[in-house]
Amino acid sequence: MIKIEHLIKNYGTNCAVDDISFEVEQGETVGFLGPNGAGKSTTMNILTGYLSATSGKVTISGIDILSDPLGAKKLIGYLPEQPPLYLDMTVDEYLNFNYELKGCTLSREHHLAEICEVVKITDVRKRVIRNLSKGYRQRVGIAQALIGNPSVIIFDEPTVGLDPKQIIEIRNLIRTLGKDHTVILSTHILQEVQAVCDRIIIINKGRIVADEKTENITRAVENNRRFNAKICGPQKDILALLKSMPGIIYAEALAEKDGDAYTYMIESEYGVDIRKKLFYTLSEKGWALVGLEALGMSLEDIFITVVDKSTADESRVSRYARRTDRKKKARTRTSLETDVAESLVEDAEKKREEEAEQSDTEDDED
Amino acid sequence: MFAIYKKEMRSYFINPIGYVFTGIFLVFASLICCYTTILSASYDTSSYFTLMIFALIVLIPLLTMRLFAEERKMRTEQLLLTAPVTLTGMVVGKFLAALTMFVGCVAVSCINFIPLYVIANAERGNTSYDTTHIGPVSSQIIGGLIGLILIGAAFIAIGTFISSMTENQLAAAVITISVIIVLVLVGVVSQFVDVYWVRAVLDWISVLSRFGNFGNGIFDFASLFYYASIAFIFLFLTVRIYEKRRWG
């Protein structure tokens, strides 16, 4: 549906997008994730024909955005970061203007009424946009993107500045739209992509650093192998036992103390459920296990690690110093996030290399 | 293109700026007409048109300053540039909307000439000889109107171009005023220059000197071509500005 090949965009000497290639299938909902200034908006602006790429090719459903901009733009509904609203128009006037602007041929009244129903703005249709709240304005912006029933819908940070209830509503709306449209969504909120998207593309400094199905990442997150265990008994011996236990790759005593029980953080090998074994081993020794708490690994940790890793790879300078205010989190992070992050980054690199090889061979053939 | 034209027309009338323009235009037109003809006891309309051209210095920026500057500031241009509309369509749509406002006001201001015809009629009834022409010369008025509209179109194109370069409406207005002042004053300055070739060059550039034939009721094809090319060049440059920004 959407095919981006070797996209490069330079602003003067500043490279905003550096050789990005990816494809989006029909009906897919893709989350475009990245820190501020990673090149998300630039990529979207190129996709929608607002900007032109320095080099590279963008095709929407086989139509090149450069050679047939009008044809490609007809297939796209776009909600920029700041909804492009004419504040002095009423919602109705605005939607009608968009209807005419896009040269829509669907039955006007029916189509607009349907869209208003979908984004729930029917009751404000007669009101002037200036007087609407941020949430309603955002929805009018979304309604604008839906006019003409485009097959591709692109949202640039659609939930910024909304209250939690509106965020949930908009996410539900996007999920509904994702059922019969191809949706690309840019955001730096991780729960959003996890909640809405089939696939996540993480981009940093203008490069794709990870491109993975959401379920794979979620599985990695859920495949939990870290626990906080509260065990009564002598701290040194217990720590030694934990470290020597087969199946455990990491153990550490934490400063927490509850009565005569100390807290230990342990991490098991991949695919091993250590809990039962831990219980029996400890009971053999007569040390009581009084608490076992699974430690979640958040998508945030993966994201930060991926981004950090890609940044570090690039500059060969560790960016961990940046996170001094999150010392505690950084300390408890073990190899798990790094593993997941590394595999994601490697996957992306491998893909890139393969593509490069492919294009090389193609060039050779030419 | 038509959608953008319609939207611009509507926005002239839901914003104060359209009414301010219409109001100031009509007041200027009637005052100037009154002063140059009735108060001076003359049927000659040539100074009316000359003064109207000077009035355009402040009137045109009112029409053009917000055309692109506001879109850019409010980020609504992103909507227009990602819609299936060509850049030329967008620029021409906006230009035509401003031109329609201007032509509309010029048309309405024609009522200023009615008193002249009425008075002339009364005067003709009082005189016994009809060998000399009494009253305004219709061909001069029509020529003047056509010339005024052409000059207006050229100035609107210049204002459109300047508006597309900034996101500040005030800056757009001030720069437009300065540019139009220069174009108009070149004609005035040329009258004080003695060196023949300098004068010839200034006259060639001047907007005012080209107007002379229209004011005399002659349809000057060269001047028509001159004004039309100014309008075309600046609209073309506006399109180029947007093209360049896309690649920037």
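So that the names make sense, note that chain A is the first sequence line, chain B the second, and so on, each numbered from 1.
Side chains of T187(A) and E192(A): a donor-acceptor N/O pair is present below 3.5 angstrom, by distance only. Counted by atom type alone, S164(B) and R245(B) present zero donor-acceptor pairs between their side chains at under 3.5 Å. Between the side chains of Q78(B) and N45(A), at least one donor N or O lies within less than 3.5 Å of an accepting N or O. Using modelled atom types and a 3.5 Å distance limit, the side chains of E77(B) and Y242(B) yield a donor-acceptor pair.
Residues L177(A) and L146(A) have side chains in contact (heavy-atom distance under 4.5 Å, counting atoms from C-beta outward). Between V207(B) and Y226(B) there is a side-chain heavy-atom pair separated by less than 4.5 Å.
Closest approach of A145(A) and L79(A) over heavy atoms only: CB-N, 4.2 Å. Closest approach of C15(A) and D18(A) over heavy atoms only: SG-CB, 3.8 Å.
At a 4.5 Å heavy-atom cutoff, the contact between L87(A) and chain B is made by side-chain atoms alone. Heavy atoms closer than 4.5 Å to chain B are found nowhere in A72(A), neither backbone nor side chain. Looking at L85(A), only its backbone comes within 4.5 Å of chain B, counting heavy atoms on both sides. For chain B, the nearby parts of E93(A) are the backbone and the side chain; heavy atoms of each come within less than 4.5 Å. Neither the backbone nor the side chain of E70(B) comes within contact range of chain A; no heavy atoms are under 4.5 Å apart. In this structure, chain B has a heavy atom under 4.5 Å from the backbone of N10(A), while its side chain stays farther away.
Scanning residues 79-106 of chain B against chain A with a 4.5 Å non-hydrogen threshold yields L79(B), L80(B), L81(B), T82(B), A83(B), P84(B), V85(B), T86(B), sorted by number.
Remark: the backbone N or O of D92(A) is not paired with any side-chain donor or acceptor of R125(A) at under 3.5 angstrom.
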